[in-house]
Amino acid sequence: MNSYRIPEIAKQYTEYDMIQIHTDLPDFPELRTRLLFAFLNGNSKLSSSSELYTLATSLVQLALDTHELVTASNDIKEKKAARSRQLKVLAGDYFSSRFYHLLAGAGQIDMIKQLSNAICDVNRLKMNTYMKMKQLKLSAEDYIHQTVEIKSQLFLSFSEFMSEVYDQAWPEILRSYTKCEVLFEEIFRLESAADFKNSWGFWHILQHGTKDERKQLQTEESDQVKVRTLMHKYHIPSQLYQMLDSQTKLLQAKVKQLESDKLISELFHIGEPFLRFLAKQPKVLEEI
């Protein structure tokens, strides 16, 4: 059985001096990549292509995430910031080109079509979500749901291939892990009040806050002290922790229903960071 080495292989595409010196890349989509590899590698019909498919998918996801960091305005006068923006655009394009090159070189034309369709689905979901955000019509629950769907979409495109062996296990477990990932990231967004805009906490307070509180959140330059006061008034850190704790328990129950002991072991290993974090909960919440 193939061993997991996707991040190491991906470094030949991501660790260019020009990129590392002049701009920052988003985190590698490690959790979803490991999940995809584990499921593909556990399927006798797909295991021979598990590394290729997973690498190509991870590069597409990295391309999308990199383009997501590009600022909306191109009116940047400071030379260093302008160069960083340009390199993000080019880096995202480059990662996308590697995905095409890898699959085309292996004669996997159908897989190119499959992932290309999934990219369209991701962009459609993003546009719908951005429109709701702009119109302030997004609930906190919708925010989590939409974020999970956006992050999962590329990997969900493999559901048809997985169906013969794992039935509905793949989409359910993928979404469940991704929700844990999203909640985990939301908790750490609380460390910086500047990152609070359009977070789960932001939409939660926009739903449940007073008129003055909602107005405060919508100002361009929100008072950081007031934002932190609102976070604690509405128990944002503890609510996110409780959501992550509940989701982790649901996930563990789903994983235990799988028939493969090897896959179960691998999936529990993938979820270990969430369990370690939850074990340190009181200290972490104090720091936030």
Side-chain angles (χ1 to χ4, degrees), residues 25-36 38-39 57-58 60-69 118-119 121-130 132-133 137-159 170-207 231 234-255 267-268 270-278 280-281 284-285 288:
L25 292 177
D27 292 335
F28 188 80
E30 175 70 8
L31 183 145
R32 282 159 285 151
T33 298
R34 285 187 65 183
L35 276 176
L36 179 60
F39 272 86
T57 307
S58 68
V60 177
Q61 185 64 61
L62 192 59
L64 291 169
D65 293 343
T66 302
H67 281 158
E68 192 71 16
L69 296 179
I119 292 171
D121 291 337
V122 171
N123 290 329
R124 175 181 52 79
L125 286 168
K126 284 183 179 179
M127 289 304 300
N128 289 339
T129 303
Y130 296 155
K132 288 184 178 180
M133 285 181 170
K137 293 182 178 179
L138 194 70
S139 69
E141 184 179 353
D142 285 342
Y143 168 77
I144 293 295
H145 175 75
Q146 291 297 106
T147 305
V148 168
E149 288 302 300
I150 289 168
K151 284 179 171 287
S152 303
Q153 206 63 41
L154 286 179
F155 302 84
L156 283 171
S157 66
F158 287 88
S159 297
W170 168 244
E172 289 179 2
I173 288 178
L174 171 63
R175 284 189 172 100
S176 192
Y177 267 99
T178 305
K179 187 171 183 178
C180 287
E181 182 183 7
V182 169
L183 292 170
F184 191 70
E185 291 172 352
E186 288 296 309
I187 290 172
F188 282 94
R189 284 183 70 172
L190 301 179
E191 293 179 353
S192 171
D195 293 333
F196 190 69
K197 186 71 178 290
N198 289 328
S199 67
W200 177 85
F202 173 88
W203 296 107
H204 178 79
I205 296 173
L206 212 58
Q207 269 183 275
M231 284 167 51
Y234 289 94
H235 309 291
I236 301 302
S238 59
Q239 284 199 69
L240 282 168
Y241 165 79
Q242 291 167 9
M243 290 164 65
L244 177 59
D245 185 49
S246 297
Q247 187 61 34
T248 302
K249 289 174 180 175
L250 287 172
L251 176 57
Q252 288 177 311
K254 289 179 182 178
V255 170
L267 295 187
F268 272 111
I270 293 172
E272 279 182 5
F274 303 133
L275 298 177
R276 289 198 299 268
F277 172 79
L278 291 169
K280 298 188 296 183
Q281 176 262 340
V284 172
L285 291 185
I288 295 173

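- With Q146 contributing its side chain and N128 its backbone, the two residues share no donor-acceptor pair below 3.5 Å.
- S157 contributes a side-chain N or O that, together with a main-chain N or O of L154, makes up a donor-acceptor pair within less than 3.5 Å.
- Minimum interatomic distance between T66 and P26 (heavy atoms only, all atoms of both residues): OG1-CD, 3.4 Å.
- Here CD of Q61 is found 13.0 Å from CD of E30. Values are rounded to the nearest 0.5 Å.
- Residues passing the salt bridge (charged side-chain N to carboxylate O under 4.0 Å, His left out) test with K137, sequence neighbours excluded: none.
- Side-chain atoms of R189 come within 3.5 Å of backbone atoms of K197 as a donor-acceptor pair (strictly under, hydrogens ignored).
- In this structure, I150 CD1 and N123 CG are separated by 9.5 Å, a value rounded to the nearest 0.5 Å.
- When every heavy atom of L64 is checked against every heavy atom of K126, the shortest pair comes out as O-NZ, 3.9 Å.
- Counting heavy atoms of neighbouring residues, nucleotides and ligands inside a 6.0 Å radius, atom CD of E141 does not exceed 12 of them.
- One finds the CG atom of L35 at 4.5 Å from the CD1 atom of I270 (value rounded to the nearest 0.5 Å).
- To the nearest 0.5 Å, atoms CZ (F196) and CD1 (I236) are separated by 5.5 Å.
- Judged by distance alone, with hydrogens and angles left aside, the side-chain atoms of R32 form no donor-acceptor pair with the main-chain N or O of F155 at under 3.5 Å.
- Shown here for P29 and S58, the closest heavy-atom pair between the two residues is CG-O, 4.0 Å.
- Annotation: ring pair (Phe, Tyr, Trp, His ring centres under 6.0 Å) contacts of F184 (sequence neighbours excluded): F188, F274, F277.
- The SG atom of C180 sits 10.0 Å away from atom CG of D245, with the distance rounded to the nearest 0.5 Å.
- Rounding to the nearest 0.5 Å places CG of D142 at 10.0 Å from OG1 of T147.
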*Would you please test Y241 and L278 for side-chain contact (heavy atoms from CB on, under 4.5 Å) and show each step?*
CA-CA 8 Å; Y241 165 79; L278 291 169; 3.1 Å; yes
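- By the 4.5 Å heavy-atom criterion applied to side chains, T129 and E149 are not counted as neighbours.
- Proximity of a side-chain donor or acceptor of Q207 to a complementary backbone N or O of A140 within less than 3.5 Å is detected.
- Between W170 and L156 the shortest heavy-atom distance is NE1-CA, 4.2 Å.
- In plain terms, the two heavy atoms of F28 and T33 that are nearest each other are CE2-OG1, 4.0 Å.
- At a threshold of 4.5 Å between non-hydrogen side-chain atoms, the residues Y143 and K132 do not count as touching.
- Looking at residues two or more places apart in sequence or on another chain, you find a ring pair (Phe, Tyr, Trp, His ring centres under 6.0 Å) between H204 and W200, H208.
- The shortest non-hydrogen separation linking V255 to L267 is CG1-CB, 3.9 Å.
- Contact annotation: the side chain of K151 approaches that of E185 to within less than 4.5 Å [non-hydrogen atoms, C-beta and beyond].
- Remark: side-chain polar atoms of S176 are not paired, donor with acceptor, to backbone N or O of E172 under 3.5 angstrom.
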*Check step by step if side-chain contact (heavy atoms from CB on, under 4.5 Å) holds for L250 and K179.*
CA-CA 11 Å; L250 287 172; K179 187 171 183 178; over 6 Å; no
